[in-house]
Visitor: 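A single structure is presented below for examination.
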Amino acid sequence: MPQAKFLGHSCVAITDGKHNLIIDPYITGNPQAPVKAEEIKANFVLVSHGHGDHIGDAVAIAKRNNATIIGSFELTTLCAKQGCNVHPMHIGGGHDFDFGRVKLTIAHHGGGYGDDASVYTGPPVGFLITIGGKVVYHPGDTGLFYDMKLIGEMNDIALAFLPIGDNFTMGIDDAVRAVEYLRTKKVVPMHFDTFDVIKTDPDEFANKVSGAEVMILKPGETIDF
Ligand code: NI
Ligand code: MN
C-alpha cells in the first residue's frame, strides 16, 4: 500500500516502499517543515511550477540523490542547466516510469522563477500519479477549474491534496467543490497557514466536505492510500 507523507505547505513525499517521490520540496525557509532538506531521500522530484514555495530545494535534493526532476519542459530545462537529471513533460502528457505513471494536468496560476519571478518556467502544472496501483492527485497551485470534473470522471482517485489557503489558490469553498468534481476517496488540505495571508481553518473545510474522507495532516504525518 503506497504512503504519502505531508511535509508542510505543498510538499508531499510518496513511496511504495521501493521508490521515493517528493513533490514541491519547499523545505528550507518553510516554517512548517518537519525535516531538513538534507534528510530527504528521493528518486524523483516533481515540481509543479517555478515559485519559490514549490521549486524550493528541488535542485539540491535532486543533485544530492542523483534523482530525476519531473515537470514542465520549461521548468526542467532550467533545472538541467543547474546540473540536474530531468524528465521534461507537458500538460496532457503522461509517461510510464519504473514506479508507475505521471500525467501532467492544467493549473490556473503563475509560473515565474527567481526573486522577482522574472524567469519564465512555463505554465504551472498539476500531477496525476499512479503508484502501487493507486492514483494520487496533486494539483500544485491552482484556482478551481471545471475540468476537475473530467479528471474525476477519467481517474479513480484514491487521494487528493488540495490547496485551501485562498488568496493565491482555491479557498475552502472552491476546494469543497473540487472534492465533489474529483470524486476522490481521501483528501488532504494543503497550502494554508504557512504565511499570514493564507491562514485558514482546515476544520471548516472538513465540515463542508461530503463524500470524501478529509485527513488533516500535520507536517510530518503519513497516511496510507
Ligand atoms: Ni505559486
Ligand atoms: Mn504556492
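None of the values given here were measured: they were computed from a predicted structure. Each ligand, and each atom within it, is numbered from 1 in the order the structure gives.
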Visitor: State, without any angle test, whether Asn20 and Thr15 hold a side-chain donor-acceptor pair at a distance under 3.5 Å.
Guide: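 Note: Asn20 and Thr15 side chains meet the donor-acceptor criterion.
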
Visitor: Angle class for the Phe195/Tyr26 ring planes (parallel below 30°, perpendicular above 60°, tilted otherwise)?
Guide: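 Plane angle between 30° and 60°, so tilted.
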
Visitor: Under 2.8 Å from the Ni ion (ligand 1), is there any N, O or S atom belonging to His54?
Guide: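 False for His54.
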
Visitor: Give the name of the N/O/S atom in His51 that lies closest to the Ni ion (ligand 1).
Guide: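 Restricting His51 to its N, O and S atoms, the minimum distance to the Ni ion (ligand 1) goes to ND1.
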
Visitor: Answer yes or no for Asp141: is there an N/O/S atom below the 2.8 Å cut-off from the Ni ion (ligand 1)?
Guide: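 Yes, since at least one N, O or S atom of Asp141 sits under 2.8 Å from the Ni ion (ligand 1).
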
Visitor: With the Mn ion (ligand 2) at the centre, find the angle made by NE2 from His54 and NE2 from His191, to 10°.
Guide: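 If I round to 10°, I get 100°.
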
Visitor: For Asp53, what is the atom name of its N, O or S atom nearest to the Mn ion (ligand 2)?
Guide: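 Closest to the Mn ion (ligand 2) among those atoms: OD2.
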
Visitor: Please note down the angle at the Ni ion (ligand 1) between NE2 of His49 and NE2 of His109, to the nearest 10°.
Guide: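 It rounds to 100°.
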
Visitor: Under 4.0 Å between a side-chain nitrogen and a carboxylate oxygen: does that hold for Lys185 and Asp156?
Guide: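 Result for this pair is yes, salt bridge flagged.
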
Visitor: Which atom pair, heavy atoms only, marks the closest approach of Thr142 to His108?
Guide: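 The pair with the smallest heavy-atom distance is OG1-N, 2.8 Å.
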
Visitor: Hey, can you tell me if Phe44 and Phe97 have their rings parallel, tilted or perpendicular (30° and 60° cut-offs)?
Guide: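 Phe44 and Phe97: perpendicular rings.
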
Visitor: Can you tell me how the ring of His49 sits relative to the ring of His54, calling it parallel under 30°, perpendicular over 60° and tilted otherwise?
Guide: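 Aromatic pair His49/His54 classed tilted.
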
Visitor: Restricting to N, O or S, what is the name of the atom of Asp141 that lies nearest the Mn ion (ligand 2)?
Guide: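 Looking only at N, O and S atoms of Asp141, the one nearest the Mn ion (ligand 2) is named OD2.
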
